[in-house]
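Working notes, beginning with the structure itself.
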Protein chains: 2
Amino acid sequence: MLVILTKYARKILEIIAESRSHMTAAQVFTQLKKNCPGVVLATIYNNLNRLCEEGRIRRISVEGLPDRYDRIQRHDHLVCQRCGKLLDIDLGDLRAQFEKKAGISILSYDLKLLYLCEDCKKNLNRKESE
Amino acid sequence: MLVILTKYARKILEIIAESRSHMTAAQVFTQLKKNCPGVVLATIYNNLNRLCEEGRIRRISVEGLPDRYDRIQRHDHLVCQRCGKLLDIDLGDLRAQFEKKAGISILSYDLKLLYLCEDCKKNLNRKESE
DNA sequence: CCAATTTTTAGAATCATTCTAATTTTATTA
DNA sequence: TAATAAAATTAGAATGATTCTAAAAATTGG
């Protein structure tokens, strides 16, 4: 089961792996339709869910925004507090440290660093000086 | 402005402060209706949003689940990977460490430790032995 | 090839949340 | 205090992401 991918699952996985842009289901859909005009959004969701369950991709949720999907390799994220822009960042594997501090064994963790991206900084400054 | 709270804002804030249970908008609504039968869900959302903007409460988003609201004081969360159950935990203020590692100045961070709660562990074991 | 299972499709349904417009309340100031 | 402006609340429609259901198509194992 874990080895065999269906036609669409494979393509969706490729799209996510190749894009460095943390795509939403809708974006994956748009992208996939270029080659497979017949696909349907439900198929994207089915496959994204399955791929997540199988641990092949990872879902990133930021409040108020549609879920985005990412490669699975451990890394953290930098999230703009204003616009939700998402960047990869890697602070290394902190699991042991967290487990020790928490005194509990964890499966993994989700670390988001909240910052202001350059665009939002500019907009904020503009607003303030108005 | 930051000092004055409207009638509902104050009550909602109290409900969240008193409950240690990370309530959803719907739960706050149910609770508030006990004293104020006239309130409307939109009022809850309006106020929760305003309270968040003012930095009086904090929104917690976990994929697939409705947003929950929490007191503002810095702390982290333990999230059950299966059922989404949420517990408070505090690993201390790691901002300086994260900023140093990331080489960037951040506003704050969001750390969720993913684990399996006791109930879900039991259910998993039951399933496996079936 | 047949039966069973899995995927995909189509489109309706759900659910949290937001939006709009009207109404009420509160604050301002004349 | 009356009049006006601003803010909060209501009611309910609208949105948008995601899930669900049932049927059709594809794939798999025997």
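Numbered from 1 within each chain, the chains take letters A, B, ... in sequence-line order. Since we're looking at a predicted model, the values are computed, not measured. We use all heavy atoms of the structure for the numbers below, so side chains are in, but hydrogens, waters and symmetry mates are not.
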- Under a single-linkage rule joining Ile, Leu, Val, Met, Phe, Trp and Tyr whose side-chain heavy atoms are separated by less than 4.5 Å, which residues share a cluster with A:Val62?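 ILVMFWY cluster around A:Val62 also holds A:Ile60, A:Leu65, A:Val79, A:Leu86, A:Leu114.
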Tell me: [atom1] of [X] to [atom2] of [N], nearest whole Å?
| X | N | atom1 | atom2 | value |
| --- | --- | --- | --- | --- |
| B:Lys33 | D:dA11 | NZ | C1' | 14 Å |
| A:Leu51 | C:dT8 | CG | P | 10 Å |
| A:Glu53 | C:dT6 | CD | P | 13 Å |
| A:Ile44 | D:dA17 | CD1 | C1' | 14 Å |
| B:Leu48 | D:dT9 | CG | P | 12 Å |
| A:Phe29 | D:dT19 | CZ | P | 16 Å |
| B:Leu5 | C:dT25 | CG | C1' | 16 Å |
| A:Asn47 | C:dT6 | CG | P | 15 Å |

- Any residue meeting ring-ring contact (aromatic ring centres under 6.0 Å, His included) with A:Tyr109, in chain and number order, not counting sequence neighbours: A:Phe98
- Task: Mind checking ring-ring contact (aromatic ring centres under 6.0 Å, His included) for A:His22 and listing every partner two or more places apart, or none if nothing turns up?
- Result: A:His77
Compare side-chain N and O positions of [X] against OP1 and OP2 of [N] and report whether any pair is under 4.0 Å apart.
| X | N | result |
| --- | --- | --- |
| B:Asn46 | C:dC19 | no |
| A:Arg50 | C:dT8 | yes |
| B:Thr6 | D:dT9 | yes |

- Task: Take nucleotides 24-30 of chain D nucleotide by nucleotide from the 5' end and write B, S or -, depending on whether a protein heavy atom sits under 4.0 Å from the base, only from the sugar-phosphate, or from neither.
- Result: -------
- Scan nucleotides 10-17 of chain C nucleotide by nucleotide, 5' to 3', and note B when protein non-hydrogen atoms come under 4.0 Å of the base, S if they reach only the sugar-phosphate, - if neither. SB----SB
- Message: Listing request: all salt bridge (Lys or Arg N to Asp or Glu O under 4.0 Å) pairs with a residue in residues 94-110 of chain B, at least two apart in sequence or in separate chains.
- Response: B:Arg95-B:Glu99, B:Asp110-B:Lys112
- Of all pairs that satisfy ring-ring contact (aromatic ring centres under 6.0 Å, His included), the ones with a partner from residues 34-54 of chain B, not counting sequence neighbours: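 Found none.
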- Message: Please tell me whether B:Glu18 and B:Gln31 have a donor and an acceptor in their side chains that are separated by less than 3.5 angstrom.
- Response: no
- Overall bend - the helix from C:dC1-D:dG30 to C:dA30-D:dT1, comparing terminal axes fitted on five pairs, nearest 10 degrees: 30°
Only counting residues at least two apart or in another chain, list the ones meeting salt bridge (charged side-chain N to carboxylate O under 4.0 Å, His left out) with [X].
| X | answer |
| --- | --- |
| B:Arg74 | B:Asp76, B:Asp90 |
| B:Arg50 | none |
| B:Asp70 | B:Arg20 |
| B:Lys85 | B:Asp119 |

- Message: So, applying side-chain contact (heavy atoms from CB on, under 4.5 Å) with A:His75, which one of A:Leu91, A:Asp93, A:Asp88 is it?
- Response: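 With A:His75 as partner, side-chain contact (heavy atoms from CB on, under 4.5 Å) holds for just one option, A:Asp88.
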